[in-house]
Amino acid sequence: MAATVSDILLDWYDRHARDLPWRAPPGTPPPDPYRVWLSEVMLQQTTVAAVKPYFEAFTRRWPDVAALAAAPEDDVMAAWAGLGYYSRARNLVKCARAVAARGGFPTTETELRELPGLGAYTAAAVAAIAFAQRAVVVDANVERVVARLFAIDTPIPAARKPIRVAADAITPARRAGDFAQAMMDLGSSVCTAREPKCLLCPLAKTCKARATGDPARLPVKAPKKPKPLRRGRAFWIEREGEVWLVRREGKGMLGGMRALPDDGWSARADGTGEAPMPGTWESAGVVRHVFTHAALELSVVVQRNAPAPDAQGEWWPIDRIDDAGLPTLFAKAARLVLAG
DNA sequence: AACACGGGGGC
DNA sequence: GCCCCAGTGTT
């Protein structure tokens, strides 16, 4: 009986698994579902290196789902600051509260999929990794590995369906969690997006893209659109060692996060340039920042000895600005002012 | 199906 | 600089 793809990969994983804070070693009992869930949400579109310190901080401060469920949402948002995609943090709180209310995580992929912030990938990953269920786990790593293994050259996103079918076909009933993590480790360290290390790959012999001689060509992706450049202003309003901060509304850009007041710039349009209050503004410089679908030049202007703006907001001690939970854009703006 | 949604790592 | 990343929710 020839060794299957999953046999080969699990054997490779037993020898080469990365040691990560949210992981159990290969072949050992699954880790705490809370830690699996938290890590998976943090890892959505986010690199392992970026996640590690946040995962440590979250699990130290909120050791279990009940603790996270009891936390004020603003505290969680502030702790998430810098990690990006802040809807994840909003959904994290909702999900923790739903799970705490029902007395623990559901154990099937179908039920997990109903929770806020758990889409097809995360529901499958948690079911497989935390609950040893057979689930087909498809993330960007798996897409790349499978597209190459089977030489699927349809462009993403049309390739998603055949990739899923192929991934399903090679997913084993036993050790589905280890298999999923093995695919991700292979994708992140061997079958990399650029210059895949085929000489180190346990699947090189069966890889159809390898046989063509140009595996890096796959997966084929649709061309991306150019990012527009937006311009806006942010306002540093200061008095007696404090700065005026607001909370951004809604689910849009940086929604729910603490911020400096601004002139209404967005990914779709420039700001008006209009200040939230009268007075004399002094320029502190420009912050350049790139979002997913727009670049921003944010002009930062300052007014000192200012009265309170006629709006919602709060005075925040400048010597504790690092604790305000400002997203990176506004943290950069604050650094600019304080360095000047 | 297409778009909105951050930020940092790696080269 | 550019490409990429353990995707999800909305339209």
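A, B, ... follow the sequence lines: proteins, then strands. Residue 1 opens every chain. In this text, all values refer to a predicted model and were calculated from it rather than measured experimentally.
In terms of position along DNA chain C, the nucleotide closest to A/Leu20 lies nearer the 5' end than the nucleotide closest to the other residue of the pair A/Gly117 and A/Leu20. Position along DNA chain B of the nearest nucleotide to A/Pro157 versus A/Leu326 favours A/Pro157 as the more 5'-ward residue.
Among the protein residues, A/Lys227 comes within range of no part of the nucleic acid, since none of its heavy atoms lies under 4.0 Å from any strand. Nucleic acid contact class of A/Arg90 (heavy atoms, under 4.0 Å, all strands): none. Within 4.0 Å of A/Lys225, counting heavy atoms only, lie sugar-phosphate atoms of the nucleic acid but no base atom. Residue A/Met253 is classed as a sugar-phosphate contact, given heavy-atom separations below 4.0 Å to backbone atoms only. When heavy atoms are screened at a 4.0 angstrom cut-off, A/Gly252 is found touching the sugar-phosphate backbone but no base atom. Counting non-hydrogen atoms under 4.0 angstrom, A/Gly255 reaches nothing in the nucleic acid. A/Ala180 comes within 4.0 angstrom of nothing in the nucleic acid, heavy atoms only. Residue-level contact check: A/Ala140 touches the backbone only, with heavy atoms under 4.0 Å from sugar-phosphate atoms and none from bases. Nucleic acid contact for A/Leu254: sugar-phosphate only, since backbone atoms but no base atoms lie under 4.0 Å from a heavy atom of the residue. Heavy atoms of A/Thr192 sit nowhere under 4.0 angstrom from any nucleic acid atom. Using a 4.0 Å heavy-atom cutoff across all strands shown, A/Trp22 reaches at least one base atom of the nucleic acid.
For A/Ser188 and C/dC5, the shortest distance from a side-chain N or O to OP1 or OP2 is not below 4.0 Å. Proximity of A/His293 to the phosphate of B/dC5: a side-chain N or O atom is located under 4.0 Å from OP1 or OP2. Proximity of A/Thr46 to the phosphate of C/dA6: no side-chain N or O atom is located under 4.0 Å from OP1 or OP2. One finds a side-chain N or O of A/Arg144 lying less than 4.0 angstrom from the OP1 or OP2 phosphate oxygen of C/dC5. Not one side-chain nitrogen or oxygen of A/His289 sits closer than 4.0 Å to the OP1 or OP2 atom of B/dG6. OP1 or OP2 of C/dG7 sits under 4.0 Å from a side-chain N or O of A/Gln45. For the pair A/Arg268 and B/dA4, the criterion of a side-chain N or O lying under 4.0 Å from OP1 or OP2 is met.
A/Arg18 and A/Ser188 form a side-chain donor-acceptor contact under 3.5 Å, judged by distance and modelled atom types alone. Remark: the A/Thr108 side chain and the A/Gln133 side chain contain no N/O donor-acceptor pair separated by less than 3.5 Å. Side-chain N/O atoms of A/Tyr121 and A/Gln44 include no donor and acceptor closer than 3.5 Å. Residues A/Thr4 and A/Asp7 have side chains that bring a donor and an acceptor to within less than 3.5 angstrom of each other.
Comparing C/dG9 with B/dG8, their C1' atoms are spaced 23 Å from each other, to the whole Å. Separating the P atom of B/dA4 from that of C/dA6 is a span of 24 Å, rounded to the nearest Å.
Taking 3.5 Å as the limit, the base of C/dG9 and the side chain of A/Ser87 contain no donor-acceptor pair of atoms between them. A donor-acceptor contact under 3.5 angstrom links the side-chain atoms of A/Arg18 to the base of C/dA6. The base of B/dG6 sits with one of its N or O atoms less than 3.5 Å from a complementary donor or acceptor on the side chain of A/Tyr85. Between the side chain of A/Thr47 and the base of B/dG7, no donor-acceptor pair under 3.5 Å is found.
Rounding to whole angstrom units, CD of residue A/Glu195 and P of C/dC4 are separated by 13 Å. Atom pair A/Tyr121:OH and C/dG9:C1' shows a separation of 18 Å (rounding to whole Å applied). As a whole-Å value, the separation of A/Leu83 CG from C/dT8 C1' is 15 Å. Rounded to whole Å, the distance from NZ on A/Lys52 to C1' on B/dG7 is 18 Å. When the P atom of C/dA6 is taken as reference, atom CG of A/Leu118 falls 18 Å away, rounded to whole Å. Rounded to an integer number of Å, the gap from OH of A/Tyr86 to P of B/dC5 is 14 Å. Rounded to whole Å, atom C1' of C/dG7 lies 5 Å from atom CD of A/Gln44. Atoms NZ (A/Lys224) and P (C/dC3) sit 6 Å apart, rounded to a whole Å.
You'll find that the side chain of A/Asp185 is closest to C/dA6, out of C/dG7, B/dG7, C/dA6.
Relative orientation of the A/His289 and A/Phe291 rings is perpendicular, given thresholds of 30° and 60° on the angle between their planes. Using the six-membered ring where Trp is involved, A/Trp265 and A/Phe330 have ring planes that are tilted, between 30° and 60° apart. Note on ring orientation: taking the six-membered ring where Trp is involved, the planes of A/Trp80 and A/Phe58 are perpendicular (angle over 60°, cut-offs 30° and 60°).
When both pairing distances are held under 3.5 Å, B/dG8 makes a Watson-Crick or G-U pair with C/dC4.
Applying side-chain contact (heavy atoms from CB on, under 4.5 Å) to A/Leu326 and the options A/Leu260, A/Leu254, A/Ile321 leaves one that passes, A/Ile321.
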